[in-house]
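One structure is given here, and the rest of the page talks about it.
Each chain gets a letter, A, B and so on, in the order the sequences are listed, and its residues count up from 1.
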Amino acid sequence: MDHYYNAKDLARFSEIGEEAGPLWQKFNAWYTAVFAGGALSEREKALIALGVAHAVQCPYCIDAYTESCLENGADTEQMTEAVHVASAIRGGASLVHGVQMRNKAKQLGM
Amino acid sequence: MGRVLPTLQKQHAPLASGAEQRATLATVPLARSFKEALAQSSLYPLRATGVDILQINVGKKCNQTCRHCHVDAGPDRTEMMPRDVMEKCLEVLATTDIPTVDITGGAPELHPDFRELVARSHAIGKHVMDRCNLTILLLPNYSDLPEFFAEHQVEVICSLPHYRAKQTDSQRGEGVFDESIEALHRLNAVGYGKPDSGLVVNLVMNPVGAFLPGNQASLEREWKRELKHRHGIVFNNLYTITNLPISRFLEWLEESDNLEGYMTRLVNAFNPGAAQGVMCRNTLSVGWDGQLYDCDFNQMLELGLAGDGPRSIMDFDIAQIRHREIVVGPHCFACTAGAGSSCGGATVT
């Protein structure tokens, strides 16, 4: 194995259930229910998932939810905006800690 | 209308031939064959359950050259159903209890006898469906079609891959979206899609790329909201149809290096419930030259009916056709993936 990520491994996701079948089945049932249409549409959920996939930087999730967004009628303009939302939260999350930095600096400074 | 491309036939491309398409599909490594998938679901051999729909392909001429077209239709195609074949189709309809006529092409409205086929089918009590590309309704000599459709209670099934222009024009040609919206306004103006009008207009969406369509009910809700909000358009149902890996879509899959991945996706998504309800089980497809097929896709792959029964509508015999064995191949995985796919959209709810 000369690299950590292989696109074909996504199709092998269910192998993780081989050592813990009941847990995998519970995860699978819950996961399927989460993405079913409800108060949010399947397209909206796919766009949220795509944003989160970028925030957690999971290449499998990015592949999977790019396809899911397209299947559910989203276009690349909408998907790009979803990635910007994820990026803005990541960037903002770093930046807002600047207040903590300023608090500590103020405490330590004269 | 903007882009019109030469067809595969005009380019003398190898994939213009059904045999070459079948040979190309045969090179794709699959985890199991379609026959094996059917057998593992106790559905092999797949048999017809009857003939509820006579789907008549009146010709390959079209005013558009969509990139995914399974017919390789376009302005340069000249195949048109001859008069004697059309008369025989009408005779079959008149002498059987087949309730529905599904007229397709190309752009079927371009056939000089299209209106006669519709009018006479309606006059003998058949339900008539027309597979319309929408832009045809804006051409000179065709702008009165909405009124004609309404007069004959034609169910109009229109292609529109997305409610936004970018995807629609990408698949169907530059400017097609705006013309399609105008055509839908004209259909709405005569009552199509309006409550209590009895006039039905359904939209068909094919994915614009190498992926499956999403949940049909969910997409329909969104399309109704967006088309109403953006353009004031109403329609009855949205049908999601999976792209078949044949003809121009097959060419694109090969060129974009998506063929194996797409076929794998289709095979992995095989749904026995969808296989149970495939459209070929209650449809009979007639080619422009009268040859008979299990579906319009088999027609384009030049896969005629199996067995000792009639090969042409000219030798039609319902008894030999009603429960025929369906001819299948790897392309059939497109109709059985996920929620299934047919000319009436998803087959599993």
Side-chain angles (χ1 to χ4, degrees), chain A residues 5-18 24-25 28-54 58-84, chain B residues 29-31 68 160-171 177 203-227 230 238-243 256-258 260-270 334 337-339 341 346 349:
Chain A
Y5 289 115
N6 182 342
K8 290 186 175 174
D9 284 350
L10 178 57
R12 299 172 52 207
F13 190 9
S14 62
E15 290 176 20
I16 207 72
E18 289 174 7
W24 169 252
Q25 286 157 18
N28 226 1
W30 171 75
Y31 193 95
T32 303
V34 163
F35 283 98
L40 294 174
S41 70
E42 285 156 310
R43 186 182 68 92
E44 289 164 334
K45 290 183 177 184
L47 284 165
I48 293 170
L50 184 70
V52 175
H54 283 77
C58 168
Y60 302 118
C61 309
I62 291 170
D63 274 5
Y65 284 95
T66 296
E67 187 167 347
S68 178
C69 282
L70 290 170
E71 288 177 351
N72 285 292
D75 59 30
T76 48
E77 191 181 340
Q78 295 164 332
M79 291 154 66
T80 304
E81 286 189 15
V83 173
H84 273 285
Chain B
L30 302 178
H68 71 305
L160 192 73
H162 205 273
Y163 56 78
R164 298 183 71 179
K166 185 178 169 186
Q167 288 90 331
T168 298
D169 287 356
S170 164
Q171 182 184 81
F177 180 78
L203 299 185
V204 166
M205 70 80 67
N206 295 73
V208 188
F211 50 91
L212 297 179
N215 180 285
Q216 182 170 274
S218 175
L219 288 172
E220 181 182 286
R221 280 193 295 275
E222 188 171 332
W223 281 58
K224 284 191 169 178
R225 185 183 68 235
E226 294 296 325
L227 281 175
R230 292 165 187 255
L238 178 73
Y239 295 153
T240 56
I241 299 188
T242 303
N243 289 313
S256 60
D257 199 23
N258 274 306
E260 188 173 338
Y262 187 66
M263 290 305 298
T264 301
R265 179 86 176 89
L266 297 181
V267 173
N268 290 345
F270 178 80
S341 178
T349 52

Please flag which part of [X] lies under 4.5 Å from any non-hydrogen atom of chain A: side chain, backbone, both or neither.
X	answer
R265(B)	side chain
P213(B)	backbone
L212(B)	both

[X] [atom1] to [Y] [atom2] distance, which is reported to the nearest 0.5 Å:
X	Y	atom1	atom2	answer
L40(A)	S218(B)	CG	OG	11.0 Å
F211(B)	E71(A)	CZ	CD	7.5 Å
L219(B)	R43(A)	CG	CZ	9.5 Å

Less than 4.5 Å apart, side chain to side chain, heavy atoms only: is that true for R164(B) and Q78(A)? yes

Step by step, work out the side chain to side chain contact (heavy atoms under 4.5 Å, CB included) result for T76(A) and K166(B). CA-CA 10 Å; T76(A) 48; K166(B) 185 178 169 186; 3.0 Å; yes

Which one wins on heavy-atom pair count under 4.5 Å against chain A: R221(B), E222(B), M205(B)? E222(B)

Has I16(A) got more than 12 heavy atoms of other residues, nucleotides or ligands less than 6.0 Å from its CD1? no

